[in-house]
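Down below is the structure, laid out as structure tokens.
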Protein chains: 2
Amino acid sequence: MAYRATQRTRANAEARRAGIERAARHVIARGGFASANVAAVAVEADCSAGSIYTYFSNRDELLRLVFAQAAGHELDVIAGTVAEASTASEIAESTVEVFVRRAVAGRRLAHALLLEEVPEPVQSERLRLRRGYVAVIGTALDRVGGTQIPAEVAARSIVGCVGENLVDILDPTTANPSPAEIETLVKALITFTRSALGEP
Amino acid sequence: MAYRATQRTRANAEARRAGIERAARHVIARGGFASANVAAVAVEADCSAGSIYTYFSNRDELLRLVFAQAAGHELDVIAGTVAEASTASEIAESTVEVFVRRAVAGRRLAHALLLEEVPEPVQSERLRLRRGYVAVIGTALDRVGGTQIPAEVAARSIVGCVGENLVDILDPTTANPSPAEIETLVKALITFTRSALGEP
DNA sequence: AGAACAATTGAACCACGATTCATTTCTTTG
DNA sequence: CAAAGAAATGAATCGTGGTTCAATTGTTCT
């Protein structure tokens, strides 16, 4: 016997794995999933293409993990703010505010997470996460009560409204939206979703 | 001189071209864009793969044309019904009704047109068409007046609401939705969009 | 009929990028 | 330090599916 994996070895391995994930996240945030080929991630992670396969079974799996982390974090943020809301209006308001502002702040990444064409395993994850948003908002709406329609439909509708209005704004081929434009949109969406939920 | 393209020749050529488009549409309606590879379309059109390149410059262009036809037709239908509406409520109502019912009736095709991952040229076309929907609904809302928020945001929101609520229903990997489910959804969406537009 | 040209065919070609794997380099332990 | 095993490397491989093209078949005209 002459070699055995040690504490440090494993810590290093974990650091490498995390480094590759971070690299992939950066590449995606810069150029979307389309640009996140194995070679590009390897360059960013400062390792070889082959090495990536020591830590991840394949490219799709790596992308799926990175997607799940990033999108999961966004979901947590929304869940946090929605949990504090005590009326349907507040739920609508905080959802729109957080969603739109965070998307605009991290435009390219938001586009990748929400809209870009992705490999199938990532798409499944995206649908899972979207169901997560619906669940979080739907549960909150149920808690505060007073909606005339099924909370799930209301929650989905809110997600749909906001998402659809971000399509052009997040388009990587167009210039950054002006702050004024964003203010108008946020205000309008809040008005729209509030009245939709039957609040004045 | 011994050969010149004649009336009949050209008519035949046009028929072939149309046949290939029809074949592509059928393949897409059956298995989505993913299944519409050149070989599959050729089989359905009863011609060789190579022949397709006599009539279309490449696969993406063929798919783009077929998409534009199918989605353009849907837009025309919506435009037709929305044109008859004379209140915001009626606009919301007819949009939801037509959109949802037609989507459910042609589930697989609707999924392909609205949600499936598609080659870039098709995606551009999809965005164009979506802007068409927004324009049609937005113009109608402007015509009847009385919305507190920009008509474009309202129109986009309606499209987003409806689209998002179709995601699960159109998923090809799940069973057909029950008629009752559809009724509930249509009713809820009409309520949601109506109140969103500030109508009781 | 046969010359002239267009259309069809389908197998070969090609582009692309993920994946593999023989080789080399690094770590640990006796 | 040497042996044993792990990890890293990156060029070669492979799979996939769109695209091409030489050969064949079909059509028109004199």
Side-chain angles (χ1 to χ4, degrees), chain A residues 1-21 23-24 27-28 31-67 116-123, chain B residues 1-21 23-24 27-28 31-67 116-123:
Chain A
M1 193 215 317
Y3 179 99
R4 203 203 293 216
T6 178
Q7 189 84 25
R8 180 185 227 182
T9 302
R10 252 168 296 151
N12 276 353
E14 191 39 53
R16 279 274 164 89
R17 164 183 270 269
I20 292 172
E21 282 175 5
V27 172
I28 292 167
F33 283 94
S35 74
N37 51 26
V38 175
V41 173
V43 167
E44 178 79 19
D46 202 25
C47 71
S48 70
S51 253
I52 288 176
Y53 289 83
T54 303
Y55 298 98
F56 302 92
S57 53
N58 56 44
R59 173 181 181 257
D60 286 357
E61 174 64 7
L62 166 61
L63 297 185
R64 197 185 62 76
L65 281 170
V66 171
F67 180 97
E116 193 185 353
E117 319 263 305
V118 292
E120 199 283 315
V122 177
Q123 180 65 7
Chain B
M1 191 217 314
Y3 180 99
R4 204 204 290 216
T6 180
Q7 188 87 26
R8 179 184 228 183
T9 303
R10 254 168 294 151
N12 276 353
E14 192 38 53
R16 278 275 162 90
R17 165 183 269 270
I20 292 171
E21 283 175 4
V27 172
I28 292 166
F33 284 93
S35 74
N37 50 25
V38 176
V41 173
V43 167
E44 178 79 20
D46 203 24
C47 71
S48 71
S51 251
I52 287 175
Y53 290 83
T54 303
Y55 299 98
F56 302 92
S57 53
N58 54 46
R59 172 181 182 257
D60 286 357
E61 174 63 8
L62 166 60
L63 296 186
R64 198 184 60 75
L65 282 171
V66 170
F67 180 96
E116 193 185 354
E117 320 263 306
V118 292
E120 200 284 315
V122 177
Q123 180 65 7

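The chains referred to below are lettered A, B, ... by the order of the sequence lines, with proteins before strands, and numbering in each begins at 1. Predicted model only: the values in this text are computed from it and were never measured.
In this structure, A:R17 places its CZ atom 12 Å from P of D:dA8, rounding to the nearest Å. Here the P atom of nucleotide C:dC21 and the OH atom of A:Y53 are 13 Å apart, to the nearest Å. Note: CG (A:D60) to C1' (C:dA18) measures 9 Å, nearest angstrom. When rounded to the nearest whole Å, the span between CG of A:N12 and P of D:dG5 equals 21 Å. A:L63 has its CG atom 9 Å from the P atom of C:dA18, to the nearest Å. Between A:I20 atom CD1 and D:dT9 atom P the separation is 9 Å, expressed in whole Å.
For the helix from C:dA1-D:dT30 to C:dG30-D:dC1, the terminal axes (five pairs an end, C1' atoms, rotation from four pairs onto the next four) enclose an angle of 10°, given to 10 degrees.
Atom CG of A:L65 and atom CD1 of A:I20 lie 11.5 Å apart (nearest 0.5 Å).
Closest of all the heavy-atom pairs between B:L63 and B:P119 is CD1-CG, 4.2 Å. Of all the heavy atoms in A:A36 and A:I28, the pair that sits closest is CB-CG1, 3.9 Å. Nearest heavy-atom pair across B:S35 and B:A40 is O-CB, 3.5 Å. Closest heavy-atom contact between B:A49 and B:A42: N-CB, 3.7 Å.
Among the heavy atoms of the strands lying under 4.0 Å from A:N58 are primed sugar atoms or P, OP1, OP2 only; no base atom is included.
Using a 4.0 Å cut-off on heavy atoms, the residues of residues 31-43 of chain A that approach DNA chain C are A:N37, A:V38, listed by number.
Side chain of A:E117 to main chain of B:V118: a donor-acceptor pair is present (N/O by atom type, distance under 3.5 Å, no hydrogens or angles).
By the side chain to side chain donor-acceptor pair (under 3.5 Å) test, A:Q123 is found to be paired with A:R126, residues two or more places apart in sequence or in another chain being considered. Here A:E116 pairs with nothing under the side chain to side chain donor-acceptor pair (under 3.5 Å) rule; sequence neighbours left out.
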In B/S/- notation (B base, S sugar-phosphate only, - none; protein heavy atoms under 4.0 Å), nucleotides 6-13 of chain C written 5' to 3' is SSSBB---
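The pair B:E21-B:R17 counts as a salt bridge, with a side-chain nitrogen and a carboxylate oxygen less than 4.0 angstrom apart.
Of the candidates A:N58, A:V43, A:I52, A:I52 is the only one forming a side chain to side chain contact (heavy atoms under 4.5 Å, CB included) with A:V38.
Sorted by first and then second residue, the salt bridge (charged side-chain N to carboxylate O under 4.0 Å, His left out) pairs involving residues 41-63 of chain A (not counting sequence neighbours) are A:R30-A:E44, A:E61-A:R64.
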